[in-house]
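Worksheet for the structure shown next.
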Amino acid sequence: MSATLSGAAAGRSDACGGGWLGRVDPRVRIVAATAFAVVVVACDALPVLALALLPALALLAASGLPPGPTLRRMAAMDSFILFILVLLPFTVPGEPIFTIWGFQASHEGLAQAVRIALTANAAILALMALVGTMEPVTLGHALHRLRVPATLVHLLMFTVRYIDVLREEYLRLRQAMKARGFRPATDRHTYRSIGFLLGMMLVRAMERSERILGAMKCRGFTGQIPLVAEMRVGAADIAFATGFAAVLAGLLAAELALAAV
Amino acid sequence: MPLFELSDIRFAFPHRPPVLQGADLVLHPGERLSIAGPNGAGKSTLLKIMVGLLMPACGRVVAFGAPRREESDFHEVRRRAGLVFQDPDDQLFCPTVAEDIAFGPLNLGASRAEALARVDAVLAELELTHLRNRITHKLSGGEKRLVTLATVLVMDPEVLLLDEPTNALDEANEARLTGILEELPQAMVLVSHDARFRQRLATRELRLRDGRLGPA
């Protein structure tokens, strides 16, 4: 986990240095990523989906993220859907193309698997390039300004703030368990102990949240977190938004043209 | 034969300046050794190195007559040297006091009945029997401290390593803890800021300065 985190951190610093995409207004980037995902999901034709990978790759280049690690993270996401992709050709009925151990793979199923793989990868790549380079706090502020419910934004921002506190608490407790001779094994004692550990963390997290809320109330918290950073949409942001909208329109046009054939 | 013999211990946390730069420490049976030093001097780090929770970059740890290098070497050390953590909340994680104290003996392979018998014995010894079925996270600060001491004593250690044991204790609880520690036969390493506490208990005082241990 620390490897991916440091990778993300490295990516961010690169984005600040090299990628111009990092300077586009965060709200524009979030809307662009969402719009791209919607368009890619709406498209059905394989050539269009293959084509959609191009803008995603272009965004990756513009974001200044290191291509190697980013593509590896994309592959990590693929491992979640791999099972579905492999099973689809054998489960979707249709024209048979090949047979493995007596199981028939259908042309339609294979096409569907390729379609899902292309859609998912294009969308995740664009999301990583557009939103993944953002500081989590910036993401929270941008979402808030995009009228995402304040509760969800607070949830995100507190998660970002306290996930490390929880991780450290977990590690300290584990260390103290080790100091008393605990060695995890596959037995009842281990399950009980790990259960106690998680339960204790949950109880403490709830109490901590109440203390934090108390401390926030002492400083005048009423359910609104005032956001300091100003966000302005400039000429460059409008230019990016227009250009990106043109690309999306192009993809949709290609899809409609192919569907009409 | 000394219980612990650490020589030329060097340690640094990643991306931070080194905390220990050639620390030497010898602990003899029956000794109560105190270690003082400013915040962040590496006192807690040193205790964790003694039981193998942290591995030094270089240096030798000899405990109970054998050199200890790998994780597996330290299993025995952790049984024979009980570490009481600075923050009791880092140590107590079971729902009730009895279960938390039983955790150590169960790790050492005791049956449930044996473990509970030992729990009752140690609670009686420390006059904490009234806390037996209390919820650990609802104990007061002083009670938590005494219970963490019980969780370690129940394992019958030969050495006690105490990290700031008087932290956040009121006078009554501090006097009680000092009284208990005075009565215990174990050799101890006491990390403490509290000069009075050190003077009352320690048979030898050391100070950690610039990553090395020297006379106070």
Side-chain angles (χ1 to χ4, degrees), chain A residues 1-14 16 161-215, chain B residues 14-15 44-45 47-54 71-72 74-96 98-112 115 135-138 148 150-157 160-163:
Chain A
M1 180 166 152
S2 64
T4 56
L5 282 177
S6 64
R12 264 200 294 281
S13 62
D14 283 352
C16 294
R161 167 67 181 78
Y162 285 103
I163 196 148
D164 237 33
V165 176
L166 288 176
R167 196 177 112 84
E168 269 162 29
E169 178 164 25
Y170 168 78
L171 290 177
R172 280 198 308 272
L173 279 165
R174 276 306 293 265
Q175 207 174 43
M177 289 167 80
K178 210 166 151 189
R180 284 203 269 160
F182 180 65
R183 274 183 272 167
T186 346
D187 56 17
R188 241 176 86 86
H189 173 60
T190 301
Y191 298 142
R192 264 175 79 89
S193 303
I194 297 287
F196 285 164
L197 170 68
L198 295 179
M200 182 56 77
M201 286 188 60
L202 194 68
V203 170
R204 289 203 196 146
M206 284 178 62
E207 290 196 335
R208 190 197 302 278
S209 71
E210 269 156 31
R211 286 198 299 277
I212 292 167
L213 182 64
Chain B
H15 314 299
S44 306
T45 306
L47 294 187
K48 285 180 185 167
I49 286 174
M50 290 174 82
V51 292
L53 292 177
L54 295 173
E71 169 69 18
S72 55
F74 281 100
H75 293 153
E76 189 203 344
V77 181
R78 290 177 198 144
R79 201 178 69 230
R80 297 172 67 177
L83 172 60
V84 179
F85 281 62
Q86 184 169 353
D87 184 353
D89 280 328
D90 288 347
Q91 214 160 345
L92 302 175
F93 74 99
C94 298
T96 70
E99 276 163 324
D100 215 305
I101 299 177
F103 175 71
L106 288 172
N107 285 333
L108 302 185
S111 73
R112 251 193 119 57
I135 308 290
T136 52
H137 87 276
K138 288 189 174 161
T148 54
T151 63
V152 167
L153 283 178
V154 72
M155 296 172 74
D156 217 0
L160 279 176
L161 308 174
L162 301 152
D163 195 351

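All of these numbers come straight from a predicted model, not from anything done at the bench.
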message = Tell me whether A:R183 is salt-bridged to B:E71, with the criterion being a basic N under 4.0 Å from an acidic carboxylate O.
response = no
message = Taking every non-hydrogen pair under 4.5 Å, which of B:T151, B:L83, B:L161, B:V152 racks up the most with chain A?
response = B:T151
key: Heavy-atom proximity to chain B below 4.5 Å, by part of A:R174   = neither
ask   = With a 4.5 angstrom heavy-atom cut-off, which part of B:L54 approaches chain A: side chain, backbone, both or neither?
value = side chain
note = Turns out that what part of A:M201 lies under 4.5 Å from chain B's heavy atoms comes down to neither
task = Counting only heavy atoms closer than 4.5 Å, note whether A:E169 contacts chain B via side chain, backbone, both or neither.
result = neither
query = Are the ring centres of B:F103 and B:F93 closer than 6.0 Å?
reply = yes
message = Using side-chain heavy atoms (C-beta onward) and a distance below 4.5 Å, is B:L53 in contact with B:F85?
response = yes
note = chain A shares the most heavy-atom pairs under 4.5 Å, among B:L108, B:L92, B:T148, with B:L92
inquiry  = As an exercise: rank B:T136, B:D100, B:D89 by heavy-atom pairs under 4.5 Å with chain A and give me the winner.
reply    = B:D89
key: Considering all heavy atoms, the nearest B:A150-B:I101 contact   = CB-CD1, 3.8 Å
ask   = Between A:R180 (side chain) and B:Q91 (backbone), is there a donor-acceptor pair under 3.5 Å?
value = yes
query = Taking the side chain from A:S193 and the backbone from A:H189, do they hold a donor-acceptor pair closer than 3.5 Å?
reply = yes
ask   = Between B:H137, B:E76, B:R79, which has the largest tally of heavy atom pairs under 4.5 Å with chain A?
value = B:H137
Donor-acceptor contact present, side-chain B:R78 to main-chain A:G181, <3.5 Å = no
Which atoms of B:E99 approach chain A - backbone, side chain, both or neither, heavy atom under 4.5 Å = side chain
